[in-house]
Amino acid sequence: MVVVMKRDATEADIERVSEKVREAGGEAFVSRGAVHTIIGLVGDTASFMGLGLDNFPGVDHLIQVGKPYKMVARALHPQPTTVKVGPAAVGRETFTIIAGPCAVESDEQALAAARGAKAAGATILRGGAYKPRTSPYSFQGLGERGLEILARCREDTGLPVVTEVMEPRDVELVASWADALQVGTRNMQNFALLKEVGATSKPVLLKRGFSATVEEWLMAAEYVAQRGNSEIILCERGIRTFETATRNTLDLGGMVVAQQESHLPVIVDPSHAMGHRELVAPMARAAIAAGADGVMIDVHHDPGEALCDGPQALTPGDLLELSKDLNALALALGRQLV
Ligand code: PEP
Ligand code: MN
């Protein structure tokens, strides 16, 4: 069960409800949103029913959620949520382009990608400073130095930055530099990490695990929300199937299910899904046509020299061409491309 508090509910009102739930043997997880604070109740729903919580001061209404995920469930918020990343918005009203290098390699390389992203109308810059690599011998990212480079790119372009964090112990540091924290596909069920990013006030971009069902993905988001952070953007980035022609199989159907099941914005990463540059633009166009809330695209000024995922990187020129298509599609579909 979820308790939705009134706009003007006080801390004392919230604590009164939480205390009552704890007395009844349950747990109360408070999530403070921009408009409403909600309290997720975990425990025996039947015992909560008799508490008369709907008559408590500050309580707006109660919602019974018949799903394993509650705070992120659509039933909680019939209206889709818009998540702000710095000045940029990700939600159903707009279509957001997030672009940048897979990995931050140097000032020059990151800046070229960031300026290309800006020129193509991207409103958020992506770039990895901590890279999850299959091989320990591959480039692992520049770490904190990469975060500093991203901050300089933000200063240069005005674009807010999303970057991956891989370990709970790095969350504080990464959050001190970034505008949004990315949890990658390999860490989607790193529950310690999910709890840690859930305890920050930075938006979280949660990628779908490459072997995760939509339900498991939403349960991962629930871990973040349960810790008090409901500013979550879901990202479909392809799942592992028998097919080897593409790096992963882009599950646009799963993207739509996630949008219908949750109130969170859902974007698509066609770069990591496809793995080949020539397949990125067709699937980015498919993503907007299917109703995605945005795309995240890898960009490199010299993909042949990239230290990570060069084969899937678009050049700034390719990205500009793609953004013209996305603009035309947005217009036809009544979406606003910002
Ligand atoms: C990335 O976006 O840089 C990345 C590593 O993606 P994924 O976690 O989807 O593989
Ligand atoms: Mn990559």
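Counting starts at 1 for both ligands and their atoms, in listed order. Just so we're clear, the structure is a prediction, and the values are computed from it rather than from any experiment.
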Taking 2.8 Å as the cut-off, does C102 contribute an N, O or S atom near the Mn ion (ligand 2), distance below it? yes
I'd like to check whether E164 has a polar contact with ligand 1, where a contact means an N/O of the residue lying under 3.5 Å from an N/O of the ligand. no
Can you list the atoms of ligand 1 that are under 4.0 Å from a heavy atom of R237? 7 (P), 9 (O), 10 (O)
d(M283 CE, I297 CD1) to nearest 0.5 Å is 11.5 Å
D269/R208 ion pair, N-O < 4.0 Å: no
For the Mn ion (ligand 2), the nearest N/O/S atom on H272 is atom NE2
Would you mind checking which non-hydrogen protein atom is closest to atom 8 (O) of ligand 1, with the distance to 0.1 Å? T185 N, 2.8 Å
CG on L326 to CZ on R335, rounded to 0.5 Å: 11.0 Å
Could you find the nearest protein heavy atom to atom 6 (O) of ligand 1 and give me its residue, atom name and distance? K207 NZ, 2.8 Å
With no hydrogens and no angle check, is any side-chain donor or acceptor of T241 less than 3.5 Å from a backbone partner on E243? yes
for atom 4 (C) of ligand 1, nearest protein heavy atom and its distance come out as H272 NE2, 3.5 Å
Please could you name the atoms of ligand 1 that G184 approaches to less than 4.0 Å, counting only its heavy atoms? 8 (O)
Just to check, does R186 reach to within less than 4.0 Å of ligand 1 when the distance is taken from its heavy atoms? yes
Indicate, with yes or no, if M296 and L320 share a hydrophobic cluster defined by side-chain heavy-atom contacts under 4.5 Å among Ile, Leu, Val, Met, Phe, Trp and Tyr. no
Restricting D309 to its N/O/S atoms, the closest one to the Mn ion (ligand 2) is OD2
Answer yes or no: is there a donor N or O on one side and an acceptor on the other, between the side chain of K70 and the main chain of G40, under 3.5 Å? no
May I ask you to decide if W177's main-chain N or O and R154's side chain share a donor-acceptor pair within less than 3.5 Å? yes
